[in-house]
2 protein chains.
Amino acid sequence: MTDINSLLDSAPSPASAAVEDAAAAVPLVDFIELLFFAYRDFVGDPDQILAPIGFGRAHHRVVHFVNRHPGMRVTDLLDILRITKQSLGRVLRELVDEGFVESRAGSSDRRQRLLFPTAKGEALARQFVGLQSRRMATALEASGPDGREAVQRFLLAMIDPEDRAAVERLIERADRAARARPA
Amino acid sequence: MTDINSLLDSAPSPASAAVEDAAAAVPLVDFIELLFFAYRDFVGDPDQILAPIGFGRAHHRVVHFVNRHPGMRVTDLLDILRITKQSLGRVLRELVDEGFVESRAGSSDRRQRLLFPTAKGEALARQFVGLQSRRMATALEASGPDGREAVQRFLLAMIDPEDRAAVERLIERADRAARARPA
DNA sequence: ACGAAAAAGTCAACATGACTGACATAAATT
DNA sequence: AATTTATGTCAGTCATGTTGACTTTTTCGT
């Protein structure tokens, strides 16, 4: 699978003070680059699905979060995606026009437009999650026995401290709602 | 109001979502979203540095990889970034014009333009790596005792299998060259 | 009841970073 | 000598983001 070994074949031993620890820790910059490449392939998954239907990654994000939080407000979506409403507006209009997302006025507050996935939207979201889950499941297995927990702590700690709690709440709420909603 | 009873039975959905592990405490979709939020903040770091000097994220990527692989060819950079030469061309020209990157003709093959960071470019790259390393170091600590190894295996396994070896080679080569090149 | 504020939508202009296609030049390879 | 490779460039387009200004509808506070 990996072939660091073949690299060492042609590797002249680091000459001078190739210094201190030959069993050196993996430099942080390696992790930076691994994350770069990992994320590139991770977000590349949905492209295969998106291209044929003329959508882009912005559509993916919207469909995903609307599906995860049925009935969410436009403002909530803006907070999650951190884009302007003008940017969101375009993408959302296309998704509504093509029948992937539905927007209904809120019952308690009628200024609100609550966003719901249609059956078509749900199916699309399932495709996205299916693809990315496959990759994620494989990678978590590869991470080792306690890898799941370690990776979870890692990812959470990569998030800005001031946003961490909000993200945890968001995810927890979506999971709880999904469990309460029979498939 | 919440239905506590349904909390434990995570009903395995129909055959399509077979990827999900019903016994897992944390659904895979949670990891998908954690990675989304983690990466968003991770790439947000360089923005603070980039905005004042009128550069974007494309400049960040180019400066980073040219700094990591001094003397790399334009083609190598295109392979890493997976963009077209027209896209790269604009960004590279700006970086050369403003003195962050230097391009010299190859000595053995004079068609090649080998890319080197200038002192200015090195300094900028160090800023990027510094910021992102800080976040990464904190997150790796938070991942636990054996977290580093687990995260490394995880990130590598997230990369498309057919690219994994190439990425490992790339990173290993950069590290080796850096060790042989004392600051 | 009235005015401020909030939620959403829209128009217009613009920036960034990607893309395709066509073409040019120099140098290496066959 | 012909072809291929490495690079660069012109021209046009697309996707996705941005600011700023303004409107409509509805709720909320005084």
Side-chain angles (χ1 to χ4, degrees), chain A residues 36 39-40 43-44 46-47 49-66 69 71-98 101-116, chain B residues 36 39-40 43-44 46-66 71-98 101-116:
Chain A
F36 169 78
Y39 194 79
R40 183 180 64 178
V43 295
D47 289 349
I49 302 170
L50 290 160
I53 56 180
F55 282 162
R57 289 177 184 178
H59 301 87
H60 168 215
R61 294 193 286 271
V62 170
V63 167
H64 176 93
F65 283 108
V66 168
H69 305 270
M72 77 190 308
R73 295 177 308 163
V74 171
T75 306
D76 299 329
L77 193 46
L78 289 176
D79 284 346
I80 290 175
L81 300 179
R82 295 217 185 128
I83 57 175
T84 59
K85 64 179 169 178
Q86 294 91 329
S87 280
L88 176 59
R90 232 175 337 188
V91 172
L92 201 48
R93 192 184 332 115
E94 291 170 348
L95 287 171
V96 169
D97 285 352
E98 307 208 25
V101 171
E102 205 178 284
S103 109
R104 311 178 205 148
S107 53
S108 61
D109 185 336
R110 291 210 323 242
R111 290 173 303 182
Q112 300 173 348
R113 291 292 176 278
L114 307 186
L115 305 174
F116 296 88
Chain B
F36 169 78
Y39 194 79
R40 183 180 62 179
V43 294
D47 288 350
Q48 307 157 315
I49 302 170
L50 291 161
I53 55 179
F55 283 162
R57 289 178 184 177
H59 300 86
H60 168 214
R61 295 194 285 272
V62 171
V63 167
H64 175 93
F65 284 107
V66 168
M72 77 190 308
R73 295 178 307 164
V74 171
T75 305
D76 299 330
L77 194 45
L78 289 175
D79 284 347
I80 291 176
L81 300 179
R82 292 212 187 136
I83 58 176
T84 58
K85 63 180 170 177
Q86 294 90 331
S87 284
L88 176 58
R90 229 177 341 182
V91 171
L92 200 48
R93 191 183 333 114
E94 290 170 350
L95 287 171
V96 169
D97 285 351
E98 306 208 24
V101 170
E102 205 178 285
S103 109
R104 311 178 206 147
S107 53
S108 61
D109 185 335
R110 293 213 320 243
R111 290 171 305 180
Q112 299 173 349
R113 290 291 175 277
L114 306 186
L115 305 173
F116 296 87

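Convention: sequence-line order gives letters A, B, ...; per-chain numbering from 1. Quantities reported herein were computed from a predicted structural model and do not represent experimental measurements.
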Checklist entry - Which of residues 46-65 of chain B have a heavy atom under 4.0 Å from DNA chain C? => result G56(B), R57(B), A58(B), H59(B), R61(B)
Checklist outcome for this item: By nearest-nucleotide position on DNA chain D, the 5'-leaning member of S107(A) and I83(A) is I83(A)
Checklist outcome for this item: Taken to the nearest 0.5 Å, the spacing of H60(A) NE2 from F65(A) CZ works out to 8.5 Å
Next on the checklist: Just verifying a value: how many Å separate F36(A) CZ and I80(B) CD1, rounded to the nearest 0.5 Å?
Outcome noted: 8.5 Å
Item to check | chain B contact limits on DNA chain C, taken 5' to 3' with a cut-off of 4.0 angstrom to heavy atoms | outcome: dG17(C) to dA28(C)
Next on the checklist: Going by the rule salt bridge (Lys or Arg N to Asp or Glu O under 4.0 Å), which residues pair with D47(A) if we only count those two or more places apart in sequence or in a different chain?
Outcome noted: R57(A)
Next on the checklist: Please report the interatomic distance CD(Q112(A)) to OG(S103(A)), rounded to the nearest 0.5 Å.
Outcome noted: 11.5 Å
Can you give me every donor-acceptor pair (side chain of residues 88-96 of chain A, partner residue at least two apart or in another chain, under 3.5 Å) with its distance?
unit_1	atom_1	unit_2	atom_2	d
E94(A)	OE1	H59(A)	NE2	2.5

Checklist entry - Out of curiosity, L78(B) CG to M72(B) CE, how far, rounded to the nearest 0.5 Å? => result 9.0 Å
Item to check | Qualifying residues under side-chain contact (heavy atoms from CB on, under 4.5 Å), relative to E98(B), sequence neighbours excluded | outcome: F55(B), F100(B)
Checklist outcome for this item: Those residues at least two apart in sequence (or on a different chain) that pass salt bridge (Lys or Arg N to Asp or Glu O under 4.0 Å) with D109(B) are R111(B)
Checklist entry - Of all residues at least two apart in sequence or in a different chain, which pass the salt bridge (Lys or Arg N to Asp or Glu O under 4.0 Å) check with R61(B)? => result none
Item to check | Per-nucleotide protein contact string for nucleotides 19-24 of chain D (B base, S sugar-phosphate only, - none; heavy atom under 4.0 Å) | outcome: BBB---
Item to check | Residues which pass side chain to side chain donor-acceptor pair (under 3.5 Å) with R73(B), listed by chain and number, not counting sequence neighbours | outcome: D76(B)
Next on the checklist: Quick check on contacts: within residues 108-115 of chain A, what sits under 4.0 Å from DNA chain C by heavy-atom distance?
Outcome noted: R111(A), Q112(A), R113(A)
Next on the checklist: For the OG1 atom of T75(A) and the CZ atom of R113(A), what is their distance to the nearest 0.5 Å?
Outcome noted: 11.5 Å
Item to check | Closest heavy-atom pair and its distance - V74(A), L115(A) | outcome: CG2-CD1, 4.1 Å
Checklist outcome for this item: Whole-Å distance, R90(A) CZ to dA15(D) C1', equals 8 Å
Next on the checklist: Can you measure R93(B) atom CZ to dG8(D) atom C1' for me and round it to whole angstrom units?
Outcome noted: 9 Å
Checklist outcome for this item: Those residues at least two apart in sequence (or on a different chain) that pass salt bridge (Lys or Arg N to Asp or Glu O under 4.0 Å) with R110(B) are none
Checklist entry - If we fit an axis to the first five pairs and another to the last five of the helix from dA1(C)-dT30(D) to dT30(C)-dA1(D), what angle do they make, to the nearest 10°? => result 30°
Checklist entry - To the nearest Å, how far apart are L88(B) CG and dT9(D) P? => result 11 Å
Checklist entry - What is the distance from CG of L92(A) to P of dT16(D), rounded to the nearest Å? => result 13 Å
Checklist entry - Any idea which heavy atoms bring S87(B) and I83(B) closest together, and the distance? => result CB-CD1, 4.1 Å
